[in-house]
Amino acid sequence: MCWGGHMQLLIPEIEQAAARLPGDGVPRCVALACVREARGTVAADERHTR
């Protein structure tokens, strides 16, 4: 599956939104975990399509 540039545009937006949440809150931790997962997915997709 090709994620294209959509994920690369969304990831920084989610990081900025998470930065506005309380530092020890579950929503922030979950958002940042999802960002890490998305970055890994994009990186794997880029390696696979080369």
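Here the structure is a predicted model, which means the values were calculated and not measured.
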Mind checking side-chain contact (heavy atoms from CB on, under 4.5 Å) for Leu10 and listing every partner two or more places apart, or none if nothing turns up?
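Leu10: no side-chain contact (heavy atoms from CB on, under 4.5 Å) contacts found.
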Just to verify, what does Ala38 make a side-chain contact (heavy atoms from CB on, under 4.5 Å) with, not counting sequence neighbours?
Met7, Ile11
Considering all heavy atoms, the nearest Leu32-Ala18 contact:
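Of all heavy-atom pairs spanning Leu32 and Ala18, the closest is CD2-CB, 3.9 Å.
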Taking side-chain hydrogen bond (donor to acceptor under 3.5 Å, both in side chains) as the cut-off, I'd like each qualifying pair that reaches into residues 15-27, sequence neighbours left out, listed once.
Glu15-Arg39
